Amino acid sequence: MAVGLIASALQEDRGFVGEGLDLTNGFPQHMPPNGMYGSIEGVFVQVYPADQSLGMVPVIASCQAELPLAEIRESIRHRVAAKDDPRNEVLVMTLGLPDKPGYICPPDKWLFDFIVEHGPGLLPTPKHLDVVILHLWGTAEILLVYVRPGSTFLRHN
């Protein structure tokens, strides 16, 4: 598991990003390797200066991924189809929920914003659902992905 490998790698003190960086002669051609732990199971790990107000040392683990809009739409369609049942009127899909160990995936915020920006036409008309809502966990941000014309749900809730 990447989390255990990252924790193990962080046992070695490599300083923090920007430590010892001298900008008196302009920006250097190469950044010093301080705070850089490299790729650990496909996740690039960096350590930043301690935040005294929070009493913590920020550790950033990041990676790059391509998510084609067609795949995002298909994933939403698949999830909606699985819940499009006569017993269901409203479907709320939440992005950004913590996983079992309690970690949150930061790209979920970006994905939510991407869906908001490109939202129209995300799914065909459900057979049974009156309302489909996308929600960003831990916030009040929602996107009404679908509202059946004439639905009274939103007027009563």
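What you are looking at is a predicted structure, and each value in this text was computed from that prediction instead of being measured. Basis for what follows: all heavy atoms, side chains included, without hydrogens, waters or symmetry-related copies.
Proximity of H128 to N88: side-chain heavy atoms (C-beta onward) are nowhere separated by under 4.5 Å. Contact of the P28 side chain with the L23 side chain is registered, since non-hydrogen atoms from C-beta on lie closer than 4.5 Å. Contact annotation: the side chain of D113 never approaches that of L111 to less than 4.5 Å [non-hydrogen atoms, C-beta and beyond]. A 4.5 Å side-chain heavy-atom check between S151 and V131 finds at least one atom pair inside the cut-off. The shortest distance between side-chain heavy atoms of V17 and V47 does not fall below 4.5 Å. Two residues are said to be in side-chain contact when any heavy atoms from C-beta on lie closer than 4.5 Å; V59 and Q46 fail this criterion. Using a 4.5 Å cut-off on side-chain heavy atoms (C-beta onward), L129 and V80 make contact. Side-chain atoms of V132 and K83, non-hydrogen and from C-beta on, never get closer than 4.5 Å to each other.
Remark: N25 engages no residue in a side-chain hydrogen bond (donor to acceptor under 3.5 Å, both in side chains) (not counting sequence neighbours).
Of the possible donor and acceptor atoms, one in the side chain of T139 sits under 3.5 Å from a partner among the backbone N and O of L136. Between the side chain of D108 and the main chain of L95, no donor-acceptor pair closer than 3.5 Å is present.
Closest heavy-atom contact between A9 and Y37: O-CE2, 3.3 Å. Of all non-hydrogen atoms in F16 and Y48, the two that sit nearest each other are CB-C, 3.6 Å. Contact detail for F114 and L69: the closest heavy-atom pair is CE2-CD1, 3.6 Å. Closest non-hydrogen pair, A50 versus P58, comes out as CA-CD, 4.2 Å.
The CD1 atom of I142 sits 8.0 Å away from atom CZ of F112, with the distance rounded to the nearest 0.5 Å. For the atom pair I76 CD1 and L134 CG, the distance stands at 6.0 Å (nearest 0.5 Å). Atom OG1 of T94 sits about 10.5 Å away from atom CH2 of W137, to the nearest 0.5 Å. Rounded to the nearest 0.5 angstrom, L143 CG and M93 CE are separated by 8.5 Å.
Applying the side chain to side chain donor-acceptor pair (under 3.5 Å) test to residues at least two apart or on different chains, the pairs with a partner in residues 12-21 are E12-R14. Within the structure, salt bridge (charged side-chain N to carboxylate O under 4.0 Å, His left out) pairs that include any residue of residues 125-140 comprise D130-R148 (at least two apart or interchain).
Heavy-atom contacts from other residues, nucleotides or ligands closer than 6.0 Å to NZ of K109 number more than 12.
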